[in-house]
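Everything numeric in this text was worked out from a predicted model, so none of it was measured. Chain letters run A, B, ... following the sequence lines, proteins first and then strands; every chain starts at 1.
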2 protein chains.
Amino acid sequence: MNIKEASEKTGVSSAAIRYYEKESLIPEIDRTEVGNRDIDDRIIRRITFVTQMRAAGMSIDSLRRYIQLFDAQEDNTKEQKAILQEQLAVMEEKRDDLQSAIDHLNYKLNHFYDHMETTEEELRELERQHAEKKANQ
Amino acid sequence: MNIKEASEKTGVSSAAIRYYEKESLIPEIDRTEVGNRDIDDRIIRRITFVTQMRAAGMSIDSLRRYIQLFDAQEDNTKEQKAILQEQLAVMEEKRDDLQSAIDHLNYKLNHFYDHMETTEEELRELERQHAEKKANQ
DNA sequence: GCTTGCCTTCAAGTACACATTAAGGTCTAT
DNA sequence: ATAGACCTTAATGTGTACTTGAAGGCAAGC
């Protein structure tokens with residue numbers, strides 16, 4: 001499969017696929033005789049994995065670190081698990097934040113009045129959370 | 001309240017507050033006699049609103065458009081509601097995507113093997129979704 | 001009167017994640 | 001054999017969302 005077909009299959013642009021390869025987010029891709037990339041299903045799966053993690057908010061840099069660990073020969077399953085679990089925690093927090101914002105918007109929609117501004121109670125709660133986060137650092 | 005206190009209260013940097021004002025995400029802030037910003041709770045609430053929507057993935061540009069509509073004199077409640085509802089839909093989709101990725105990672109953690117790559121079935125499902133999205137455009 | 005610490009504006013710099021362009025190679029069809 | 005549609009690398013450009021730096025003003029404390 002050439003890069004264009006891979007692009008169409010994954011929804012990731014050709015330029016982005018080359019970029020991912022260069023940045024070691026996906027393995028080095030085999031080449032045809034004339035030097036064109038020949039992409040197989042293993043690569044497609046890796047691209048798809050990258051896309052999912054990117055959509056979930058993982059940065060190129062974090063992804064590279066994880067993948068390098070993964071590709072290393074040593075048995076670092078524990079470390080890999082830890083990283084996955086860390087990422088999972090980040091994503092769950094993101095999801096919860098998103099849910100809060102959704103609740104907030106739903107509230108505003110239901111009480112459609114002064115809806116652009118946070119209410120006093122909400123503000124106090126947010127301030128409390130902010131202070132808490134700071135204390136946790 | 002000066003800009004530094006406002007920054008500490010909201011967790012948004014002084015520079016970012018100035019930037020938000022310049023970009024009309026928050027109203028023009030009152031000044032003291034010497035020209036320093038004097039920030040009241042109304043502004044704090046607006047900053048907090050912006051922070052929430054930003055964290056939920058709303059761009060500066062979309063936010064500005066929404067806020068400009070809101071600040072306009074005409075009665076455009078319906079339009080505002082529509083925009084809020086649109087944003088709500090975007091956020092819910094984001095939350096669901098995030099949940100899918102979380103499920104995916106959890107699965108990988110539980111079947112810790114070949115976990116970096118998407119399975120064949122998942123791949124087929126993703127391809128299906130991709131085709132569907134394309135068809136919807 | 002000088003340092004410290006806050007503030008101001010305006011311009012320029014930065015990080016991320018690609019996208020685009022340039023210059024050229026290969027393959028297929030007409 | 002020339003066009004068209006792919007491909008390659010390398011360098012440069014782009015948009016977003018700020019951050020940082022320069023140059024200066026104001027007020028308090030030593």
Side-chain angles (χ1 to χ4, degrees), chain A residues 1-40 43-44 46-68 87 90 94 97 101, chain B residues 1-40 43-44 46-68 87 90 94 97 101:
Chain A
M1 181 188 335
N2 68 21
I3 200 166
K4 206 195 178 197
E5 290 167 315
S7 166
E8 280 159 6
K9 205 164 187 179
T10 59
V12 176
S13 77
S14 299
I17 293 176
R18 293 196 192 97
Y19 172 71
Y20 286 166
E21 186 188 13
K22 202 174 160 201
E23 295 296 319
S24 307
L25 298 193
I26 57 180
E28 272 191 54
I29 301 172
D30 292 342
R31 303 305 179 107
T32 64
E33 279 182 2
V34 297
N36 291 5
R37 286 175 183 78
D38 184 16
I39 297 173
D40 60 18
I43 302 292
I44 295 287
R46 291 260 189 150
I47 293 170
T48 304
F49 175 75
V50 168
T51 306
Q52 271 210 338
M53 292 305 108
R54 293 280 308 117
M58 198 168 182
S59 72
I60 298 289
D61 215 56
S62 306
L63 250 174
R64 187 186 17 244
R65 273 191 298 252
Y66 170 62
I67 287 167
Q68 273 169 0
Q87 177 60 19
V90 169
K94 228 172 218 182
D97 285 355
Chain B
M1 178 187 341
N2 67 20
I3 199 166
K4 206 195 179 198
E5 291 167 313
S7 166
E8 281 159 6
K9 206 163 188 181
T10 58
V12 176
S13 77
S14 299
I17 293 176
R18 294 194 193 98
Y19 172 73
Y20 286 166
E21 186 188 14
K22 201 174 160 204
E23 295 295 318
S24 306
L25 298 192
I26 56 180
E28 271 191 54
I29 301 172
D30 291 342
R31 303 304 180 107
T32 65
E33 278 181 4
V34 297
N36 291 6
R37 285 174 183 78
D38 185 16
I39 296 174
D40 60 17
I43 302 291
I44 295 287
R46 291 257 189 153
I47 293 170
T48 304
F49 175 75
V50 168
T51 306
Q52 271 210 338
M53 293 303 108
R54 293 280 308 118
M58 198 168 183
S59 72
I60 298 288
D61 214 56
S62 307
L63 250 175
R64 187 187 16 245
R65 274 191 297 249
Y66 170 61
I67 287 168
Q68 273 169 1
Q87 177 59 19
V90 169
K94 230 172 214 180
D97 285 355

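One atom, CZ of A:R64, and another, C1' of C:dA15, lie 13 Å apart when rounded to the nearest Å. The CZ-C1' distance, from B:R37 to C:dC6, rounds to 13 Å in whole Å. Nucleotide C:dC18 holds its C1' atom 13 Å from the CD1 atom of A:I3, rounded to whole Å. In this entry the distance linking CG of A:D38 with C1' of C:dC27 reads 16 Å, nearest Å. As rounded to whole Å, 17 Å separates atom C1' of C:dA19 from atom NZ of A:K4. As a whole-Å value, the separation of B:Y19 OH from C:dT9 P is 16 Å. The distance from atom CD of B:E21 to atom P of C:dC7 is 14 Å, rounded to the nearest whole Å. Straight-line distance from the CD1 atom of A:I60 to the C1' atom of C:dC18: 8 Å, rounded to whole Å.
Residues A:Y19 and A:I60 are in side-chain contact: their nearest non-hydrogen atoms beyond the backbone lie under 4.5 Å apart. At a threshold of 4.5 Å between non-hydrogen side-chain atoms, the residues A:M58 and A:Q52 do not count as touching.
Among the protein residues, A:S13 comes within range of the sugar-phosphate backbone only, with heavy atoms under 4.0 Å from sugar or phosphate atoms but none that close to a base. Here A:S59 lies in heavy-atom contact (under 4.0 Å) with sugar-phosphate atoms only.
Distance alone, capped at 3.5 Å, places no donor-acceptor pair between the A:S7 side chain and the A:I3 backbone.
Under the side-chain contact (heavy atoms from CB on, under 4.5 Å) criterion, B:A16 pairs with B:V12, B:S13, sequence neighbours left out. Partners of A:S14 under the side chain to side chain donor-acceptor pair (under 3.5 Å) rule, at least two apart in sequence or in another chain, do not exist in this structure. In this view, A:E23 and A:R64 satisfy the salt bridge (Lys or Arg N to Asp or Glu O under 4.0 Å) rule, not counting sequence neighbours. When the side chain to side chain donor-acceptor pair (under 3.5 Å) test is applied to B:R54, no partner is found at least two apart in sequence or on another chain.
Nucleotides of DNA chain D nearest to B:N36 and B:A15 differ in position, and the one nearer the 5' end is that of B:A15. The residue among B:E5 and A:S14 whose nearest nucleotide of DNA chain C is located toward the 5' end is B:E5.
Between the CD1 atom of A:I47 and the OG1 atom of A:T10 there is a distance of 5.0 Å, given to the nearest 0.5 Å. Rounded to the nearest 0.5 angstrom, B:R46 CZ and B:E21 CD are separated by 12.0 Å.
Remark: of the listed residues B:I17, B:D40, B:N36, B:D38, B:I17 is the sole one forming a side chain to side chain contact (heavy atoms under 4.5 Å, CB included) with B:I29.
Between the two ends of the helix from C:dG1-D:dC30 to C:dT30-D:dA1, each summarised by a five-pair axis, the helix axis turns through 20° (rounded to 10 degrees).
In this model, the phosphate group of C:dC10 is not approached by any side-chain N or O of B:R18 to a distance below 4.0 Å at OP1 or OP2. A:Y20 has no side-chain polar atom (N or O) that falls below the 4.0 Å cut-off from OP1 or OP2 of C:dA17. Contact check, B:R31 against C:dT9: a side-chain N or O comes under 4.0 Å of OP1 or OP2.
Interface limits on DNA chain D: the 5'-most and 3'-most nucleotides within less than 4.0 Å of chain B heavy atoms are D:dA17 to D:dA27.
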